[in-house]
Amino acid sequence: MFGGFRPMSDERQLINETSEEQISEHMQVRKDKLKAMLDEGKNPWGGRYEKTHDNLDVVEQFEKLEGQTVSLAGRIMAVRGHGKASFVDIMDRSGKVQLHVKADLLGEDNYKEFQSLDLGDIIGIKGKVFKTKRGEVTVEVLEATLLAKALRPLPDKFHGLKDVDTRYRQRYIDLIVNPEVRDTFIKRTKIIKAIREYLDERGYLEVETPVMHTLAGGAAARPFITHHNALDMTLYLRIALELHLKRLVVGGFERVYEMSRVFRNEGISTRHNPEFTMIELYEAYSDMKGMMELTENMVSYVAEKVLGTQKINYQGQEIDLTPPWRRISMIDAIKEYAGIDLSGQMSDSEALELAKAHNLEIEPSWGYGHVVNAFFEKYCEEKLIQPTFVFGHPLAISPLAKKDEKDPRFTQRFELFIVGREHANAFSELNDPIDQKERFLDQLKEREAGNEEAHVMDDDFITALEYGMPPTGGLGIGIDRLVMLLTDSPSIRDVILFPHMRPRE
RNA sequence: GAGCCAUUAGCUCAGUCGGUAGAGCACCGGACUUUUAAUCCGGGCGUCCGGGGUUCGAAUCCCCGAUGGCUCACCA
C-alpha cells in the first residue's frame, strides 16, 4: 500500500508536509501510530514529568530502593517481548535501566498500547524496583506515559552508527547510540571545568573580550572576514585572545584568562577545525618559566581530576604527564634530532643555503630565524612524544615575546609538544612598547614580502603598552587538542560536537 | 588545493568474470509472562551517491560531478 496515494486527512498532510523525502516503511508506520493517537485525543508529545531518580540511581542504590516505587524517564533503546510481558531498556542522562512490563499489572488495554511504542520513543514510568532471576536490577512498570514519539528509527542497536558523515552532521544520533561518544563529550566538559577551577583558585579572573576585531592580531594566521552594515566596515573574527587580554593586564587585572572560540581561515584536518577553543591566560610578574610550571601543574591536575591518573594512553602510546616535564631549547632539539648545529652566528643567506642543502622548502621573506624554525618542524616535532617544553624560539617568528637577554636572536618563548603535536605556546610577554613597535614594523615588511600571516600593526595596543604593562607571563593552550589527548581521540572532530562540514548538495 | 580510497535497505555490511541485488539487526504479521544482540514461524524493503558514456545488458567498465575519510599541502 502506498501511503501517498491514499486520501489524506488534514493531520496526515500536516505530518507529511515537513519533508519531501520518500517515506520509508519505518517512518510511515510511526506516523500512522502518531495519527491514531491524535485521533484518539492523546498527546504524543507529553509535558513535565516528575522523576524521582535517574536510571543508574536505581541500579546503584538497589538495596535501599528494592520494593519501592520509583519514577523514571528516558528513551526506549531495546525491547525484548514475551507475549503478555516485555523487557524494555530505557536510557537517560545517567545510563540504561531495564523495565519489565506485564499485561496483568498494566491491564490488557494499557499493555497493548505499551506494545505499540517504538524504539526511540521517550517515556516516563512509575514502577517497583526488583531483581530478575538472572540478577538484573529491573523496574516493574505500573504506569507508563509517552513523552515524545520518535518518527524516525534509531540505527542498529548492536553496531551503532558508524558513518562518520552522519555522526558529525547529526551528532544527536551519535550521542544516542554510541556511549563512548557521550563519554568523550562529558569528559570535555569536565576538563574545561577543571581548568577553570584550577585558575579560579589561583586568583585568576575570567573575562570576555571581543570576537569581532577591526584588526586580527595576536597570532600568525589568516582571519575570517565579515562586515558591519550600520558602520559599513570590515571586521575580522579573532584569531587569538592575546592583545585584548594584555590590555587588561595593563589595566590592572594581573591574573586574567579567557577560554573561548577563535577562528582561523585555514585548511581542515584531523588536528584543525576552522573554529576552535583556546584558553589564553596572563599573569603579571611571572615569565616563561612561571608559565612552564603552571602548564605542567595545571594539565596534570586536570588529568588527575578527570581521569584519576597522570599516566595516559594516546593511540597506543603511554604518556606520563607527571611533572616536571622535559625542557629543551629549540637549538638543542635540532642538534639532538637532526644532528645539525645552528647555534653559531650565521647570516640569513648562510642559513638559507643550509636549508636548501637539507631540502627544506623556503620562502623569499625568510631569514635565519625562519630557517631554525623550519629545521625544528621538519626534524623534531613528531619525535617529541612525552610532554616537552621547547623554548628559545627565534625572534623573527615571535613578534610578541621578550628577547632572550643573552642572545637577542631568540625569545623567551616555549611551545609544549606531546605526542608530536603542539599543545601550548607561551612567552615572557614583550612589554617594551618601543621594541614592540619595531617588531610590528618587521612584521609589516614580511607582509609586504608576501607572508599573508605576518602580524599587522596595532597602534592601539602599542599605546596600551606605553602606559606600562608589568612583566608578564602569558600562555595559550589549544583546548581541543588537550581534550583529544586526554580522551584518546584520533581526530579533532571527535571532540567538537558539531565540527565544520561542507553543506550537503 | 593535490593524490588515494569510499558511497548498495532505516543501521552495519556482502555482492564473484558485466547477466538486472543479498545477509544480520530494525520493520510488518503470528506464537511466547524473568529476557540480556531474547527465541521460534512467516513477510516485504532499494534513486546500488548524482549525471553522462560504452554495451544486447552496468551496483560492477569509462568520464564528469557531489559528499566523506586518509595522506600531503596550508596551519609559527
Side-chain angles (χ1 to χ4, degrees), chain A residues 1 21-30 32 77-89 96 98-106 111 118-120 130-136 138 140 150-169 173 176-178 218-222 239-240 264-274 276 330 361 363 366 369-374 376-377 381 390 393-401 411 413 415 421-422 425 427 443 446 451-455 476 478 490-493 499 501-505:
Chain A
M1 171 104 55
E21 73 194 283
Q22 272 200 329
I23 302 293
S24 69
E25 185 191 1
H26 294 85
M27 282 189 75
Q28 194 54 59
V29 166
R30 287 164 187 243
D32 289 346
M77 298 302 288
V79 176
R80 294 175 290 281
H82 294 263
K84 293 273 160 53
S86 306
F87 288 96
V88 175
D89 296 336
K96 284 185 195 173
Q98 176 169 271
L99 309 178
H100 191 237
V101 192
K102 314 198 254 199
D104 48 14
L105 270 176
L106 276 193
Y111 184 74
D118 292 301
L119 295 185
F130 76 109
K131 208 174 245 183
T132 62
K133 278 181 197 164
R134 301 283 186 95
E136 177 148 350
T138 302
E140 189 69 72
L151 296 178
R152 293 177 186 269
L154 291 176
D156 188 289
K157 66 184 168 190
F158 187 62
H159 298 96
L161 178 66
K162 289 189 174 167
D163 182 76
V164 285
D165 195 39
T166 310
R167 285 186 46 220
Y168 297 151
R169 287 180 200 275
I173 308 177
I176 291 168
V177 300
N178 295 328
R222 280 177 291 168
I239 57 174
R264 296 187 184 176
N265 207 339
E266 58 199 31
I268 297 174
S269 78
T270 50
R271 275 142 281 144
H272 299 84
N273 196 60
F276 62 102
M330 187 174 275
E361 276 187 42
E363 299 286 332
W366 281 16
H370 298 92
V371 170
V372 169
N373 186 52
F376 175 75
E377 284 183 3
E381 278 195 10
V390 175
H393 291 59
L395 186 76
I397 60 159
S398 312
L400 299 161
T411 57
R413 171 182 178 186
E415 287 179 304
R421 287 179 199 154
E422 182 195 342
N425 182 20
F427 5 107
Q443 289 289 310
E446 259 197 57
N451 182 357
E452 278 186 76
E453 281 153 11
H455 208 285
S491 169
I492 199 166
R493 295 180 202 105
M501 302 289 272
R502 262 181 232 260
R504 267 182 171 152
E505 281 159 304

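Every chain is numbered from 1, with letters handed out A, B, ... down the list of sequences. Quick note: numbers below take in every heavy atom, side chains included, and nothing from hydrogens, waters or symmetry partners. Predicted, not measured: the structure shown is a model, and the values here were computed from it.
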Separation of the [atom1] atoms in [N] and [M], to the nearest angstrom:
N	M	atom1	value
B:C17	B:C62	P	14 Å
B:G43	B:G24	P	12 Å
B:C48	B:U7	C1'	10 Å
B:C28	B:G69	P	34 Å
B:A23	B:A37	C1'	16 Å
B:A6	B:C61	P	10 Å
B:U36	B:C41	C1'	22 Å
B:C45	B:G22	C1'	12 Å

Given RNA chain B, 5'-ward residue of the pair A:Ser398 and A:Lys162, judged by closest heavy atom: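 Between the two, 5'-proximity favours A:Lys162.
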
With both distances kept under 3.5 Å, what pairs with [N], Watson-Crick or G-U wobble?
N	answer
B:U35	none
B:U60	none
B:C25	B:G10
B:C70	B:G3

Base, sugar-phosphate or nothing for [X]? Non-hydrogen atoms, less than 4.0 Å.
X	result
A:Arg167	nothing
A:Thr166	nothing
A:Arg30	nothing

Taking the side chain of A:Val164 as heavy atoms from C-beta outward, which of B:C13, B:G68, B:C28 is closest to it?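 Minimum distance to the A:Val164 side chain belongs to B:G68.
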
Proximity to the side chain of A:Arg80 - top-ranked nucleotide from B:G68, B:G10, B:U35: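 From the listed options, B:U35 comes nearest.
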
Measure all distances between protein nitrogen or oxygen atoms and nitrogen or oxygen atoms of nucleotides 30-34 of chain B, and list the pairs falling under 3.5 Å.
unit_1: B:C32; atom_1: N3; unit_2: A:Gly83; atom_2: N; d: 2.9
unit_1: B:C32; atom_1: N4; unit_2: A:Gly83; atom_2: N; d: 3.3
unit_1: B:U33; atom_1: OP2; unit_2: A:His82; atom_2: O; d: 3.4
unit_1: B:U33; atom_1: OP2; unit_2: A:Lys84; atom_2: N; d: 3.3
unit_1: B:U33; atom_1: N3; unit_2: A:Asp104; atom_2: OD2; d: 3.1
unit_1: B:U33; atom_1: O4; unit_2: A:Asp104; atom_2: OD2; d: 2.9
unit_1: B:U34; atom_1: O2'; unit_2: A:Lys133; atom_2: NZ; d: 3.4
unit_1: B:U34; atom_1: O2; unit_2: A:Lys133; atom_2: N; d: 3.0

Does A:Gln443 use its side chain to pair, donor to acceptor, with the backbone of A:His455 at less than 3.5 Å?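 Yes; at least one donor-acceptor contact below 3.5 Å.
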
